[in-house]
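Single-structure report; data block below.
Reminder, nothing fancy here: chain letters follow the sequence lines and each chain counts from 1. Quantities reported herein were computed from a predicted structural model and do not represent experimental measurements.
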Amino acid sequence: MADATEPTASADTESKTPASVVESTELENKPQTAEITSTSMVDAAEPTASVETESKPPASAAESTEPENKSQTVEIKRWADVVDDEEQPSGTASSSEDKIAEELKVDKLTIDDAQKINKFLDDPEDSRIQAVTSGDTPYTSASTFEDLNLSPELLKGLYVEMKFQKPSKIQAISLPMILTPPYKDLIAQAHNGSGKTTCFVLGMLSRVDPNVKRPQALCICPTRELSIQNLEVLQKMGKYTGISSECAVPMESGNSDRSRSRPPIFAQVVIGTPGTIKRLMSQKKLSVIDMKVLVFDEADHMLAKDGFQDDSLRIMKDIERLNARCQILLFSATFDETVKNFVSRIVKKDHNQLFVKKEELSLDSVKQYKVYCPDEMVKILVIKDRILELGENLGQTIIFVNTKRSAGMLHKALVDLGYEVTTIHGALTHEDRDKIVKEFKDGLTQVLISTDLLARGFDQQQVNLVINYDLPVKYETPSEPHYEVYLHRIGRAGRFGRKGAVFNFVMSERDAMIMEKIDKYFGTQVKAVPSWNSEEDFKIALKEAGLL
DNA sequence: AAAAAAC
C-alpha cells in the first residue's frame, strides 16, 4: 500500500478575488487582474477534501499547526478522501510564514497564491489555478467550511460522514463563487483527485429548498458508473439534510420489467446520463420548472462535438427556456482550447472561471513511465511477469485498452495464464457492469481491464497503478495522442495526493511519437523503463514512485 | 470501423 499520503491541500489563503472582468469570450482565460488580498494565510494547509473525481492532490498534510479545531471534527481526512483511512500525515512543515508572505506579494492572480502558499506547505509544485471573475462580486476563498454558511446538517455530513476537515484548494476557491448570490455560472477546471465532486455536490445540496418537493438540481455525467458514484457521494454528504435524490440512468435491462415504464421523478436532486435525462424530460417525467442548478460533470466531454454536445445543449436549452436564471456549473480536469472557447460561449456572460495550465496539470505524485514492447506478446508478458507479480501488493491496478475487442482479448490471455482479472466495457449488461465495479471497489478484485468507460471520474483510492496497454489516440487522427483521455486515465491513480505509477506500453514507432507529443504537451519527461525484461528495472521504477 | 449513451 503505498503510503497513504495524505494530501492536503488547501488553500488557505484567502484571497479575494477581485473582479476582473471579463468577457469571456474574448479573453479566453486570461485572467485579468486579480489581486489578492491575502488575508491571512495562516494555516497550513490541510485540506480535506473530497471525493471527487478528479483533481490534483496535494500532498501531505501537515498539521501541526492547526489553529482551530472544531470539535465536531471527527477524523481527519485530508484531501479528499473519503474513504480511506490510512493516513498519515506527513509533516510538512509549517513553513515559515514569512516566506509565504513574501511570495504572496508577488502575485497577481488570485488563486495563484493559494497555490504558492501551498507549495511551501506541501506539495512541491502545485498547481496554480487561474481565476477570472466577472462583475464586481467579491469572493473570499473559504479557509473553513464554516465560512460558507452551510446548513448545520450539511456541515455535519461533511465532518461526520465525509470526514473532511477543511476545504481543498479548488473547494476553497470555487465554493464561494458557487454559493454567493447572485448565483453566477462557473466553468471550473481542477486537477484529478482534488475534490471537484464535492464542489458541485455541495453546490447542489445547499441550493435546494427542502420545502419544495420537486427537482431543483440536476447533474449530467458521461457514464452510468459516474452517475452512480456521484449520487453515492451526494447521499452520503447530504445524509442529515433530508434532501431526496435519485439516479436517472438506463433501467436494469432485467428481463422482467422492460415493459414497466419508469415513474416520474420527484427527487430534489437528480443525477444521470444524457439520454435518460433527455427522455425523461420529453416525457414530462422530470420537471425542470424549479431547477436552480444544472451541473455538467466532465463538462469538456459533455459539451464536445464528439461527446454529448447535442444532448447536453438540448437539455440546457429546455431548462433555460423555463428558467433563464438556472445556474450552470461546468467541471472537469481538462478543457482543450476548442471546448474552452465553446463552453464560455454557452454559459451566461457574467460567469466566473477557474483554469489550470496544461503544463501544471500532471500530478507530481504519480510517476509516469514508458516501456518499449516489441510486440503484443511482450505486452502480455510484461503484464503477467511484472505487473501482476510485482503489483499485487501495491494496491489495485487498472489496465486501459482502446477497444472492447482489445479488452476481451487481453482478458482471455490473462485468464488463460491463470490470473484473476475482471474486465469492464460498455457492451456488458448493466448488471455485469455494476457487479464488476462493485467487486473492484470492495477490493475483491485487484486488476481491472477497462476501456475508456472508466477513464474519467472513477474514484477508487486504492488504485496505485495504471497501465496504458494501448496509448490513447484521437479517433480521427490515430497518430495524434488524445491528451485529455491520457490525463484522465492517469488520474485514476494518485487520488487525493496519493502516490502512484503509470506504465505506458510503447510498441511501435508511432507509439514512441505519441509519447513524445504527450511530453511536449504537458511539459513532462516520461522516463523509460530500460528493459521490459528486467524485473529489477521495474522494481526501481516502482521504488522511485514510492510504491515499493 | 471507437468509447459511451439510448432510442
Side-chain angles (χ1 to χ4, degrees), chain A residues 53 218-231 247-254 257-262 265 270-286 296-316 318 332 334 336 339 398-411 423-434 436-437 448-458 466 468-492 510 514:
Chain A
T53 35
L218 178 61
C219 173
I220 325 262
C221 313
T223 62
R224 169 193 177 80
E225 284 69 20
L226 195 48
S227 299
I228 293 170
Q229 178 179 287
N230 286 337
L231 185 76
C247 225
V249 296
M251 292 199 299
E252 306 301 342
S253 56
D257 60 346
R258 160 192 350 310
S259 50
R260 189 174 13 171
S261 72
R262 179 195 287 269
I265 291 186
V270 180
I271 300 181
T273 45
T276 299
I277 301 229
K278 197 179 60 169
R279 188 169 54 83
L280 287 169
M281 284 172 60
S282 67
Q283 293 176 171
K284 308 285 186 203
K285 289 181 177 174
L286 173 56
F296 285 96
D297 192 6
E298 305 302 341
D300 60 322
H301 187 239
M302 300 309 293
L303 291 158
K305 196 73 181 352
D306 66 341
F308 297 96
Q309 191 179 84
D310 293 346
D311 285 347
S312 294
L313 289 181
R314 167 80 183 284
I315 291 169
M316 196 180 292
D318 283 352
S332 184
T334 55
D336 68 32
V339 193
I398 296 182
I399 301 173
F400 284 107
V401 293
N402 288 348
T403 65
K404 286 177 275 203
R405 194 170 65 96
S406 180
M409 290 176 50
L410 178 60
H411 180 92
T423 300
I424 187 169
H425 58 246
L428 303 182
T429 64
H430 298 318
E431 292 74 15
D432 285 344
R433 286 165 58 166
D434 290 348
I436 302 289
V437 167
L448 178 59
I449 297 169
S450 176
T451 55
D452 285 325
L453 168 65
L454 294 187
R456 288 173 174 261
F458 184 67
V466 166
N468 276 322
Y469 187 88
D470 295 323
L471 297 180
V473 295
K474 290 187 175 144
Y475 177 57
E476 332 75 60
T477 50
S479 59
E480 284 292 304
H482 197 308
Y483 303 107
E484 289 71 36
V485 170
Y486 180 79
L487 193 87
H488 285 281
R489 283 183 179 184
I490 69 176
R492 292 322 93 208
R510 193 200 67 168
I514 288 171

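Spacing between atom CG of A/Asp297 and atom P of B/dA5 amounts to 14 Å, rounded to whole angstrom units. Computed from coordinates, the A/Ile228 CD1 to B/dA5 P distance equals 10 Å when rounded to whole Å. One interatomic measurement links the two molecules: CZ of A/Arg456 to P of B/dA2, which rounds to 20 Å at whole-angstrom precision. The distance from atom CZ of A/Arg224 to atom C1' of B/dA3 is 16 Å, rounded to the nearest whole Å. Summarising the geometry, the separation between CD on A/Glu298 and P on B/dA5 is reported as 13 Å, rounded to the nearest angstrom. Atom pair A/His482:NE2 and B/dA4:P shows a separation of 14 Å (rounding to whole Å applied). Between A/Ile424 atom CD1 and B/dA5 atom P there is a gap of 9 Å when expressed in whole angstrom units. Summarising the geometry, the separation between CG on A/Leu454 and P on B/dA4 is reported as 9 Å, rounded to the nearest angstrom.
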Next item on the list: Apply side chain to side chain contact (heavy atoms under 4.5 Å, CB included) to A/Ile228 and A/Ile271, showing your working.
Entry: CA-CA 8 Å; A/Ile228 293 170; A/Ile271 300 181; over 6 Å; no

Checklist line | Working for side chain to side chain contact (heavy atoms under 4.5 Å, CB included), residues A/His488 and A/Glu298 | finding: CA-CA 10 Å; A/His488 285 281; A/Glu298 305 302 341; 3.3 Å; yes

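For A/Thr276, the listed nucleotide lying nearest its side chain is B/dA6; candidates were B/dA3, B/dA6, B/dA5. In this structure, of B/dA5, B/dA1, B/dA6, it is B/dA1 that holds the atom nearest to the side chain of A/Tyr475. Comparing B/dA5, B/dA3, B/dA6 against the side chain of A/His301 picks out B/dA3 as the nearest.
Look at A/Arg489 and A/Asp470 and you find no salt bridge, because none of the NZ, NE, NH1 or NH2 atoms lies under 4.0 Å from a carboxylate O. The residues A/Arg456 and A/Asp297 are annotated as not salt-bridged, no charged nitrogen and carboxylate oxygen being separated by less than 4.0 angstrom. Between A/Arg314 and A/Asp318 a salt bridge is recorded (basic side-chain N to carboxylate O distance below 4.0 Å).
At the heavy-atom level, A/Asp306 lies under 4.0 Å from base atoms of the strands shown. Among the protein residues, A/Pro222 comes within range of the sugar-phosphate backbone only, with heavy atoms under 4.0 Å from sugar or phosphate atoms but none that close to a base. Across all strands, A/Arg489 comes closer than 4.0 Å to no nucleic acid atom at all (heavy-atom distances).
At the phosphate of B/dA6, OP1 or OP2 sits under 4.0 Å from a side-chain N or O atom of A/Thr273.
Nearest heavy-atom pair, A/Val249 versus A/Thr276, reported as atom, atom and distance to 0.1 Å: C-OG1, 3.5 Å.
Residues from residues 400-410 of chain A placing a heavy atom under 4.0 Å of any atom in DNA chain B, listed by number, are A/Asn402, A/Thr403, A/Lys404.
Contact of A/His425 with B/dA2 (side chain to base): no donor-acceptor pair of N or O atoms is detected under 3.5 Å.
Contact of the A/Ile220 side chain with the A/Leu218 side chain is registered, since non-hydrogen atoms from C-beta on lie closer than 4.5 Å.
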